[in-house]
Amino acid sequence: GTAALIWNEMIWEKVTNFIMNQSKEQRILNFVLQNAVRGDPCSVVDAIDKYCSQKEWAMNVGNEKGLILDKTVEEVNPSVALELGSYCGYSAVRIARLLKAGARLFTVEFNPQFAAIAKQVIEFAGVQDKVKLLEGPSEEIIPQLKKKNEVDTLDFVFLDHWKDRYTPDTILLQECNLLRKGSVLLADNVIFPGAPEFLKYVRKNPHFQCTNYPSHLEYMEVEDAMEKAVFLG
């Protein structure tokens, strides 16, 4: 798995970027614009899955783990949701397409290039009325959610950013009183590349009830999993 990722991310992607004079993320956006249906979030998700499974690997949650994400969102039926790590907007679109009328999703992206791509993908999918993209580091944005974005508490949080930020950002969500009894956290990539500190923190914490969902790394046969942590108050 590591060797395949190094080949995809470090070698093949850099060569392709140089030859085509554009980033992989721009190529994903172009594929969406050319192959998906404007205003149809499902076709946008399908187009990105097709590109990333057939042409170039990318770090979306992917189609297999996406079903776990879908099921969790449907069970929680959130009014206010937070995603940490927008990347190209794939999971923001995937979550937003399941949200009820009036629900809000805040998606946080640190990388300005990724944020620009995600914004276009979200708008093309027609879910911009439900999704607000916040650009910057999660540790700065989380404490501002209540004042700047009128968030009381979060019903659902999807963690899919830097793995070493999972634990400190979970603690920050608690310290900022953004979690209520029954708030659900879902963390991606807890096995590969892995988030051992996060697993240790939530599983040993009496304030969380955890469930593990074994799966595979997006678009690969590498073992991975998602961890659901329900906040008990």
Side-chain angles (χ1 to χ4, degrees), residues 1-10 12-13 24-25 28 45 48-49 51-53 56-73 75-76 81-95 105-111 113-115 117-118 121 137-139 141-142 154 156-173 183-205 208-231:
T2 306
L5 275 186
I6 290 170
W7 166 254
N8 279 299
E9 295 286 277
M10 303 296 178
W12 177 250
E13 183 182 333
K24 174 175 67 179
E25 292 72 31
I28 291 171
V45 167
I48 296 175
D49 280 334
Y51 187 87
C52 297
S53 58
E56 288 185 273
W57 183 90
M59 56 181 180
N60 313 299
V61 67
N63 46 357
E64 185 185 355
K65 287 184 293 184
L67 295 176
I68 301 167
L69 175 61
D70 291 353
K71 186 171 182 288
T72 308
V73 171
E75 286 172 356
V76 177
L82 173 68
E83 174 186 43
L84 299 175
S86 315
Y87 187 45
C88 290
Y90 172 94
S91 46
V93 171
R94 187 154 196 145
I95 293 167
L105 168 65
F106 297 94
T107 181
V108 178
E109 179 52 56
F110 174 75
N111 183 309
Q113 285 78 32
F114 295 169
I117 299 284
V121 168
S138 54
E139 62 268 32
I141 289 173
I142 288 170
L154 298 161
F156 175 71
V157 181
F158 182 45
L159 297 97
D160 197 18
H161 57 330
W162 297 107
K163 310 314 159 196
D164 61 359
R165 287 300 315 169
Y166 281 19
T167 305
D169 283 347
T170 298
I171 293 168
L172 195 54
L173 289 167
S183 291
V184 173
L185 278 61
L186 184 68
D188 191 19
N189 303 121
V190 296
I191 300 300
F192 194 96
E197 288 302 316
F198 172 78
L199 292 181
K200 183 180 173 183
Y201 176 75
V202 291
R203 288 176 180 178
K204 291 188 173 182
N205 192 321
F208 289 100
Q209 183 178 47
C210 298
T211 310
N212 186 263
Y213 297 100
S215 188
H216 297 90
L217 182 67
E218 47 271 22
Y219 317 116
M220 288 192 182
E221 290 302 312
V222 179
E223 284 189 15
D224 195 9
M226 303 178 92
E227 186 85 358
K228 181 172 83 171
V230 181
F231 188 64

ask   = Does the side-chain contact (heavy atoms from CB on, under 4.5 Å) test come out yes or no for Ile117 and Ile28, once each step is laid out?
value = CA-CA 9 Å; Ile117 299 284; Ile28 291 171; 5.9 Å; no
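- The CG atom of Leu159 sits 8.0 Å away from the CG atom of Leu82 when rounded to the nearest 0.5 Å.
- Other residues, nucleotides and ligands place no more than 12 heavy atoms under 6.0 Å from the CD atom of Glu223.
- In this structure, the side chain of Glu109 engages the main chain of Ser86 through a donor-acceptor pair within 3.5 Å.
- Distance OH/Tyr213 to CG/Leu69: 11.5 Å, rounded to 0.5 Å.
- Closest approach of Leu105 to Ala92, counting heavy atoms only: CD2-O, 3.6 Å.
- Between the side chain of Lys65 and the backbone N or O of Asn60 there is no donor-acceptor pair closer than 3.5 Å.
- Here the closest non-hydrogen pair linking Val61 and Met226 is CG2-CE, 3.9 Å.
- Looking at every heavy atom in both residues, Ile48 comes nearest to Tyr219 through O-OH, 4.3 Å.
- Contact check on Glu83 versus Arg94 returns no salt bridge, with no Lys/Arg side-chain nitrogen under 4.0 Å from an Asp/Glu carboxylate oxygen.
- The number of heavy-atom neighbours closer than 6.0 Å to CD of Gln209, taken from other residues, nucleotides and ligands shown, is 12 or below.
- Counting heavy atoms from C-beta on, the side chains of Ser53 and Asn63 never come closer than 4.5 Å.
- The CD atom of Glu25 sits 8.5 Å away from atom CD of Glu56, with the distance rounded to the nearest 0.5 Å.
- Side-chain contact between Leu84 and Ile142 is present, with heavy atoms from C-beta onward closer than 4.5 Å.
- Atoms SG and NZ, on Cys52 and Lys24 in that order, are 7.0 Å from each other to the nearest 0.5 Å.
- Enclosure of atom CZ in Phe208 by more than 12 non-hydrogen atoms of other residues, nucleotides or ligands within 6.0 angstrom is indicated.
- Nearest heavy atoms, Phe156 versus Leu186: CE1-CB, 3.9 Å.
- One N or O on the side chain of Ser183 and one on the backbone of Leu154 form a donor-acceptor pair closer than 3.5 Å.
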message = Pair Glu218, Asn189 - check side-chain contact (heavy atoms from CB on, under 4.5 Å), show working.
response = CA-CA 9 Å; Glu218 47 271 22; Asn189 303 121; 3.6 Å; yes
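- Rounding to the nearest 0.5 angstrom, the gap separating the CD atom in Glu227 from the SG atom in Cys210 is 5.0 Å.
- Looking at heavy atoms from C-beta onward, Phe158 lies out of side-chain contact with Thr107 at the 4.5 angstrom threshold.
- Considering Tyr166, Phe114, Phe110 in turn, Tyr166 is the only one that fulfils the ring-ring contact (aromatic ring centres under 6.0 Å, His included) rule with His161.
- Atoms CG and OG, from Leu172 and Ser138 in turn, are 8.0 Å apart once rounded to the nearest 0.5 Å.
- Within the 4.5 Å cutoff, the side chain of Asn212 has heavy atoms near those of the Val190 side chain.
- A heavy-atom distance below 4.5 Å is not found between the side chains of Val184 and Glu75.
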query = Run the side-chain contact (heavy atoms from CB on, under 4.5 Å) check on Tyr201 and Ile171 step by step: do they pass?
reply = CA-CA 9 Å; Tyr201 176 75; Ile171 293 168; 3.6 Å; yes
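- In this structure, the side chain of Asp224 engages the main chain of Phe192 through a donor-acceptor pair within 3.5 Å.
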